[in-house]
Trainee: 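Here's a structure for you.
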Amino acid sequence: VQLQASGGGLVQAGGSLRLSCAASGRTFSSYAMGWFRQAPGKEREFVAGIRRSGGSTYYADYVKGRFTISRDNAKNTVALQMNSLKPEDTAVYYCAASVVGGSDLRGYEYWGQGTLVTVSS
């Protein structure tokens, strides 16, 4: 699976952005998908995940209620709607695919190249 993330940019605090991740291949629906982020000088951390069917989603506490993950298996895409953005959300955001899913990045086999989100105060 090849993944291509897009949609990052500069936004003011309180604003919104929508990230998208396009997957190649015909087995997209076989993978759970996740979004992770990495801020400068920090380790990569889990943001949100979605099961293969899209029927179950899960979030890190620091984005719960502000971010929404979704997927369209017909279009091989996964999205991350980010609302009420804060300066601490500034990071490179990565989409990733996993056979098992979860919040541990070690469980993800395929990674996109990342897209930069910058939230100004």
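Heavy-atom basis, side chains included; hydrogens, waters and symmetry copies ignored.
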Trainee: Run the salt bridge (Lys or Arg N to Asp or Glu O under 4.0 Å) test against Asp104 and tell me which residues pass, sequence neighbours left out.
Mentor: Arg106
Trainee: With a sphere of 6.0 Å drawn around CZ of Arg52, does it hold more than 12 non-hydrogen atoms of other residues, nucleotides or ligands?
Mentor: no
Trainee: Between Val78 and Ile69, is any pair of side-chain heavy atoms under 4.5 Å apart?
Mentor: yes
Trainee: Check for me, please, whether Phe36 and Val63 land in the same ILVMFWY cluster - side-chain distances under 4.5 Å, paths through other members count.
Mentor: no
Trainee: How many angstroms lie between OH in Tyr58 and OG in Ser103, if you round to the nearest 0.5 Å?
Mentor: 7.5 Å
Trainee: How long is the gap from CG on Asn76 to CE on Met33, to the nearest 0.5 Å?
Mentor: 9.5 Å
Trainee: Looking only at non-hydrogen atoms, find the nearest pair between Ala23 and Leu3 and report the distance.
Mentor: CB-CD2, 3.6 Å
Trainee: With hydrophobic residues grouped by side-chain heavy-atom distances under 4.5 Å, do Trp35 and Leu116 end up in a single group?
Mentor: no
Trainee: Is there a side-chain contact (heavy atoms from CB on, under 4.5 Å) between Cys21 and Tyr94? Walk through the geometry before answering.
Mentor: CA-CA 9 Å; Cys21 177; Tyr94 299 89; over 6 Å; no
Trainee: Under 3.5 Å, side-chain donor or acceptor atoms of residues 41-51 against the rest of the protein: list the pairs with distances, not counting sequence neighbours.
Mentor:
from, atom 1, to, atom 2, distance (Å)
Arg44, NE, Gln38, OE1, 3.4
Arg44, NH2, Gln38, OE1, 3.4
Glu45, OE2, Arg37, NE, 2.7
Glu45, OE2, Arg37, NH2, 3.2

Trainee: Could you state whether Tyr62 and Val119 fall into the same hydrophobic cluster, counting links through intermediate Ile, Leu, Val, Met, Phe, Trp or Tyr residues with side-chain heavy atoms under 4.5 angstrom apart?
Mentor: yes
Trainee: So which heavy atom on Cys95 is nearest to which on Ala5, and how close?
Mentor: SG-CB, 4.1 Å
Trainee: Does the Ser84 side chain pair with the main chain of Gly14, one donor and one acceptor, at a distance under 3.5 Å?
Mentor: no
Trainee: Which residues pass the side chain to side chain contact (heavy atoms under 4.5 Å, CB included) test with Thr68, not counting sequence neighbours?
Mentor: Tyr59, Gln81
Trainee: Using modelled atom types and a 3.5 Å cut-off, is there a donor and acceptor pairing between side-chain atoms of Ser24 and backbone atoms of Val1?
Mentor: no
Trainee: Any chain of hydrophobic side-chain contacts (each under 4.5 Å) joining Val92 to Leu17?
Mentor: no
Trainee: Ion pair present between Asp89 and Lys86, side-chain N to carboxylate O less than 4.0 angstrom?
Mentor: no
Trainee: Side chains of Leu85 and Gln12, heavy atoms from C-beta outward: is any pair under 4.5 Å?
Mentor: no
Trainee: Side chains of Arg71 and Phe28: closer than 4.5 Å at any heavy-atom pair?
Mentor: yes
Trainee: State, with a plain yes or no, whether a side-chain heavy atom of Val117 is found less than 4.5 Å away from one of Leu19.
Mentor: yes
Trainee: Once side chain to side chain donor-acceptor pair (under 3.5 Å) is applied, what residue pairs with a partner in residues 108-121 remain, sequence neighbours excluded?
Mentor: none
Trainee: Got a sec, which residues hit side chain to side chain contact (heavy atoms under 4.5 Å, CB included) with Ser70, two or more places apart in sequence or on another chain?
Mentor: Arg18, Ala79
Trainee: Among residues at least two apart in sequence or on other chains, which ones pass side-chain hydrogen bond (donor to acceptor under 3.5 Å, both in side chains) with Ser16?
Mentor: Asn83
